[in-house]
Amino acid sequence: MSNATQSLAGTRITSLLDANSFVEIGKSITARATDFNMAEKKAPSDGVITGYGVIDGNLVYVYSQDASVLNGTVGEMHAKKISALYDLAMKTGAPVIGLVDCAGMRLEEATDALEAFGGIYLKQTLASGMIPQITAIFGTCGGGMAVVPALTDFTFIEEKKGRMFVNTPNALEGNYIQKKDTSAASFQSEETGLIDRTGSEAEILGWIRQLVGLLPSNFEDNDSFDECADDLNRVCADIAACAGDTALALSRIADSNLFFETKKDYGKDMVTGFMRLNGATVGAVANRSEIYDEEGKKAEEFDGTISARGARKAADFVKFCDAFDIPVLTLTNTTGFKATLCSEKMMAKSVGALVHAFADATVPKVNVVIGKAYGTAYVAMNSKSVGADYVYAWDNAEIGMMDASLAAKIMYPGEDAAVLNEKAAEYRELQSSVESAAARGYVDTVIAPEDTRKYVIGAFEMLFTKREDRPAKKHSAV
């Protein structure tokens, strides 16, 4: 254990891992630079504690940066220790967890530090899609270090002391930190799409433990199954009332009502996260039009469309699930794409990424239409046409080109209200009803909302042995 109990960096490790499970690697490594009086400065472990341990019995590799050593700067040996940890993690197929508290690159070591630091980027890239990578930011994560969480799969940031930036707020033209703190946890979680959750240090360590328990150790060995103590046929009596806030709907479907939401403060019109169904981990993507607080009061409301941020968030999540062979469930309830100048700048590219992610994924994919499903937004949300293996729809769902009233106005311009209402009703019955979609084979089964859990579990059990090939190529270019 050594100095893993003698510093804040070490305390974080022992708080994260199962008791007495941490084994330190490279304790005696220190800086080898001598320029600028470096030989006179003490650098135990070169400012980073590295090693392995277990979380609920699952092997993980951990590095924790020590801000008390040379201000937590990254030197040559510091970076090489992290790279060596990645080598071990890839050899054994176990996640890497980085606990970041870093003042940046060590200026005294210059290009030696830069060269070694680039090695971390390389190892992260090689490990992507092979083993899960998780970063937690407890102090400063600036400059080149800010790229590290961008190359990992999940990132958490301490709500008060955590700071993340490529350029400091004062370096941005026309800005200063008091005007807009672009390094703050709130800005990073709401604007960048990199942060999964913000909270206290204790909350973050708890979330990481929970997440590790849900994820497979690597892309080949899915050891994330757990015994299900919940009733597989449990009726979700109040799920129809949760159609707006689908984070709540997903918790109703999940084993023991436990749903772990990711990217919680970014692209809030889209919900992404993990849950268990019959003990197996499933990734979930859902449209959202409302958010309710812990007291059951409506805190936020959206217009039912997909934003560019929401599409990009969902696309990245589906790609992760596909890489680690995690089945995907979608709850579809959308009327179209968000129509704002800001969103339009990235809308086509973001929706393209979403369509590509669903279409390219070979894992089991189940879709449940829980409300309105209109136009190409419906198509993009894991519809049959882009590769869903099984599609359910609630008995009150609507699936079609657009709202029936609007369609009637377009098809019969100049007609009076009575005619428009008649034609809208006709359009709704012939083109937008769930029965019409089912008759055409776009929906496999129409279900009552309260039966969603048992039907979804049945579909994933049926799809457990799914195998699907894609055209031979190096990799996609989208």
Report task. Taking the side chain as every heavy atom from C-beta outward, state whether I49 and S7 have any pair of such atoms under 4.5 Å apart. Result -> yes

Query raised in the report: Are T92 and Y61 close enough that a side-chain donor and a side-chain acceptor fall under 3.5 Å?
Result: yes

**Report entry** Side-chain touch V282/V328, heavy atoms, less than 4.5 angstrom
**Finding:** no

Requested in this report: Return the set of residues passing side-chain contact (heavy atoms from CB on, under 4.5 Å) with A284 (not counting sequence neighbours), or none when no residue passes.
Outcome: L250, F259, M275

**Report entry** Separation of I134 CD1 from L215 CG (nearest 0.5 Å)
**Finding:** 6.0 Å

Query raised in the report: Which residues satisfy the ring pair (Phe, Tyr, Trp, His ring centres under 6.0 Å) test with F187, sequence neighbours excluded?
Result: none

Query raised in the report: Any idea which heavy atoms bring F358 and K365 closest together, and the distance?
Result: O-NZ, 2.8 Å

**Report entry** Flag side-chain contact, heavy atom, 4.5 Å: V369 against I399
**Finding:** yes

Query - Audit row: K466, E468, salt bridge (charged side-chain N to carboxylate O under 4.0 Å, His left out) steps and yes/no - result: CA-CA 7 Å; K466 176 190 173 183; E468 188 173 3; 3.0 Å; yes

Query raised in the report: Looking only at side chains, do E290 and Y292 share a donor and an acceptor under 3.5 Å apart?
Result: yes

Report task. Apply salt bridge (charged side-chain N to carboxylate O under 4.0 Å, His left out) to the pair R453 and D230, showing each step before the final yes or no. Result -> CA-CA 11 Å; R453 172 175 163 81; D230 200 350; 3.8 Å; yes

Query raised in the report: Hey, mind stepping through Y63 and I97 against side chain to side chain contact (heavy atoms under 4.5 Å, CB included) and telling me if it holds?
Result: CA-CA 7 Å; Y63 69 86; I97 302 169; over 6 Å; no

Report summary line: With sequence neighbours left out, the residues meeting side-chain contact (heavy atoms from CB on, under 4.5 Å) with E295 are D293, K297

Requested in this report: Check side-chain contact (heavy atoms from CB on, under 4.5 Å) between T376 and all other residues, then give those that pass, not counting sequence neighbours.
Outcome: F337

Report task. Compute the centroid of each ring, for Y392 and then for Y390, and state whether the two points are separated by less than 6.0 Å. Result -> yes

Report summary line: The complete set of side-chain hydrogen bond (donor to acceptor under 3.5 Å, both in side chains) pairs with one or both residues in residues 161-173, sequence neighbours excluded, reads R163-S183

**Report entry** Separation of I157 CD1 from L194 CG (nearest 0.5 Å)
**Finding:** 10.0 Å

Query raised in the report: Roughly how far, to the nearest 0.5 Å, is CG of L151 from OG of S128?
Result: 8.0 Å

Requested in this report: Begin with the C-alpha distance, continue with both residues' side-chain angles, and end with the deciding distance and a verdict on salt bridge (charged side-chain N to carboxylate O under 4.0 Å, His left out) for D238 and R252.
Outcome: CA-CA 8 Å; D238 63 344; R252 300 299 190 269; 3.1 Å; yes

Report task. Could you note down all residue pairs passing side-chain hydrogen bond (donor to acceptor under 3.5 Å, both in side chains) where residues 337-350 supplies at least one of them, sequence neighbours left out? Result -> R312-S350

Requested in this report: Could you verify whether a donor N or O on one side chain and an acceptor N or O on the other, from S307 and D269, lie under 3.5 Å apart?
Outcome: yes

Report summary line: Hits for ring pair (Phe, Tyr, Trp, His ring centres under 6.0 Å) against Y121, two or more places apart or cross-chain, chain-then-number order -> F117

Report task. Determine, for F260 and R197, whether the Lys NZ or Arg CZ falls below 6.0 Å from the six-membered ring centre while staying within 45 degrees of the axis. Result -> yes

Report summary line: Those residues at least two apart in sequence (or on a different chain) that pass ring pair (Phe, Tyr, Trp, His ring centres under 6.0 Å) with F324 are F320

Query raised in the report: Is the shortest side-chain N to carboxylate O distance from E191 to K180 below 4.0 Å?
Result: no

**Report entry** side-chain hydrogen bond (donor to acceptor under 3.5 Å, both in side chains): pairs with one or both residues in residues 323-332, sequence neighbours excluded
**Finding:** T330-N367, T330-N382, T332-N367

Report summary line: Residues at least two apart in sequence or cross-chain that pass salt bridge (Lys or Arg N to Asp or Glu O under 4.0 Å) with E300, listed by chain then number, are K268

Requested in this report: Could you note down all residue pairs passing side-chain hydrogen bond (donor to acceptor under 3.5 Å, both in side chains) where residues 133-145 supplies at least one of them, sequence neighbours left out?
Outcome: Y86-Q133, T135-T152

**Report entry** Spacing of OH belonging to Y52 relative to CZ belonging to F22, to within rounding of 0.5 Å
**Finding:** 9.5 Å

**Report entry** Pairs involving residues 200-213, ordered by first then second residue, that meet salt bridge (Lys or Arg N to Asp or Glu O under 4.0 Å) (sequence neighbours left out)
**Finding:** R12-E201, D18-R209, D56-R209

